[in-house]
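This chain uses plain numbering: 1 for the first residue, then up along the sequence. This one's a predicted model, so the numbers in the text were calculated from it and none came from an experiment.
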Amino acid sequence: MGGAVSLLVLITWQVAAHGPLRAFDERLSHDIAQHGDVPSGYSASTFVAVLAEFGADLGGVVAVLPALAAAVSVAAWRGYRVRLRLWWLPPLTAALALGAVPALVAPLKAWLGRPGPNGAPIAPGNGYYPSGHAATAAVGYGAVLLLIAFTWAIARPQAPSEAPEAPPTTVAPTVHTMPRAAWWWSMAALACLNAGVGLGLVRRGYHGPLDVLGSWCLSVLLLSCVAWSVGRALSVNRPAPAPARGPQPPRASPTPAPPDR
């Protein structure tokens, strides 16, 4: 997370100070966006433009919000069903993380007031850095993956003992981690999805590469909060480790009673 913070500070400083990194980004944005304005007679170019537009649209709230709402609902219902003590923490943190995106992005846009690619004008109190669509997609879909891992980790509790002498107790749910292969494949799919959103935004001329990269760095900070909440909710229900049994001290023999006189 420290690397994401350092990179976010560097990019924001370059954008605010009109540094060489911003100049390079503007030239690169111009070159990439120029290829998006091609005559519609070229079917291959039209297909790429449509694909880029579709990728950019995947970063909108209309696409992200239903996916996150479904993941939040399933995770909350599953955690409550197995009587997890902090079942509410990961779903609530995920929802707050997505809600924090406009609360953080809007002030940065208003403060920096960066114009769009090719000098696109901006409204007063607005700007293009960082990208709201890229941040929404990264936080929303990343939170969905973390909630899926949280739901996967909760197994059904074992049935309590039916012995008549055993009092009814609530059994804590068993925690199972997601298989490593499934986790890495999911991470790869998430990376490809966010890359498609970022490339679509740059290709269509909506944002520059620095706008997207800065949003990804900001998203790492928000997703780290969601990851912490998942780990916290699962760790509370893990059984405590058994105390180590070392050599027991010898017990003192009982003091003999004095003889009767």
Side-chain angles (χ1 to χ4, degrees), residues 1 3-5 7-8 11 25 28-29 31-36 38 43-72 74-75 90 93-95 97-98 100-102 104-105 117 128-153 177-228 230:
M1 188 176 67
V5 174
L7 188 57
L8 177 62
I11 295 174
D25 177 74
L28 183 61
S29 302
D31 294 339
I32 295 177
Q34 221 177 14
H35 294 285
V38 294
S43 58
S45 300
T46 304
F47 174 75
V48 172
V50 171
L51 192 62
E53 186 70 27
F54 175 74
D57 290 341
L58 287 178
V61 178
V62 176
V64 176
L65 191 57
L68 184 61
V72 165
V74 172
T93 309
L98 185 63
V101 170
L104 295 175
V105 169
Y128 281 79
Y129 175 87
S131 169
H133 275 60
T136 300
V139 174
Y141 297 131
V144 168
L145 177 57
L146 290 172
L147 290 178
I148 290 174
F150 169 71
T151 307
W152 190 311
T177 57
M178 180 181 288
R180 184 172 299 180
W183 172 254
W184 285 113
W185 277 109
S186 301
M187 288 289 291
L190 177 65
C192 292
L193 178 60
N194 282 283
V197 173
L199 290 174
L201 292 170
V202 176
R203 171 80 181 195
R204 296 299 294 162
Y206 298 138
H207 284 283
L210 282 185
D211 303 338
V212 176
L213 186 58
S215 298
W216 287 346
C217 295
L218 183 63
S219 302
V220 171
L221 307 181
L222 297 175
L223 287 177
S224 64
C225 299
V226 183
W228 171 86
V230 171

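- In this structure, OG1 in Thr93 is found 11.5 Å from CG in Leu222, a value given to the nearest 0.5 Å.
- Within the 4.5 Å cutoff, the side chain of Leu98 has heavy atoms near those of the Leu65 side chain.
- Between Ala94 and Val226, the closest heavy-atom pair is CA-CG2, 4.0 Å.
- Residues Trp216 and Pro130 form no side-chain contact, since every pair of their non-hydrogen atoms from C-beta on lies 4.5 Å or further apart.
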Leu68 and Leu147: CA distance, side-chain angles, deciding distance, side-chain contact (heavy atoms from CB on, under 4.5 Å) verdict: CA-CA 9 Å; Leu68 184 61; Leu147 290 178; 4.2 Å; yes

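- Side-chain atoms of Asp211 come within 3.5 Å of backbone atoms of Gly208 as a donor-acceptor pair (strictly under, hydrogens ignored).
- Scanning both residues, Trp152 and Pro179, for their nearest heavy atoms gives CZ2-CD, 3.3 Å.
- Residue Leu193 holds its CG atom at 12.0 Å from OG of Ser186, rounded to the nearest 0.5 Å.
- Pairing each heavy atom of Ile11 with each of Gly214, the nearest pair is CD1-N, 4.1 Å.
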Chi angles and distances behind the side-chain contact (heavy atoms from CB on, under 4.5 Å) call for Leu8, Leu218: CA-CA 7 Å; Leu8 177 62; Leu218 183 63; 4.2 Å; yes

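- A donor-acceptor pair is defined here as one N or O able to donate and one able to accept, closer than 3.5 Å; no such pair exists between the side chain of Ser131 and the backbone of His207.
- For the pair Asp57/Val62, no side-chain contact is recorded, criterion being any heavy-atom separation below 4.5 Å from C-beta on.
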side-chain contact (heavy atoms from CB on, under 4.5 Å) between Tyr206 and Glu53, worked out: CA-CA 10 Å; Tyr206 298 138; Glu53 186 70 27; 2.9 Å; yes

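- Shortest non-hydrogen contact noted between Pro209 and Leu28 is CG-CD2, 3.8 Å.
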Name each donor-acceptor pair under 3.5 Å that joins a side chain in residues 132-146 to protein atoms two or more places apart or in another chain, with its distance.
| unit_1 | atom_1 | unit_2 | atom_2 | d |
| --- | --- | --- | --- | --- |
| Thr136 | OG1 | Gly132 | O | 2.7 |
| Tyr141 | OH | Leu58 | O | 2.8 |

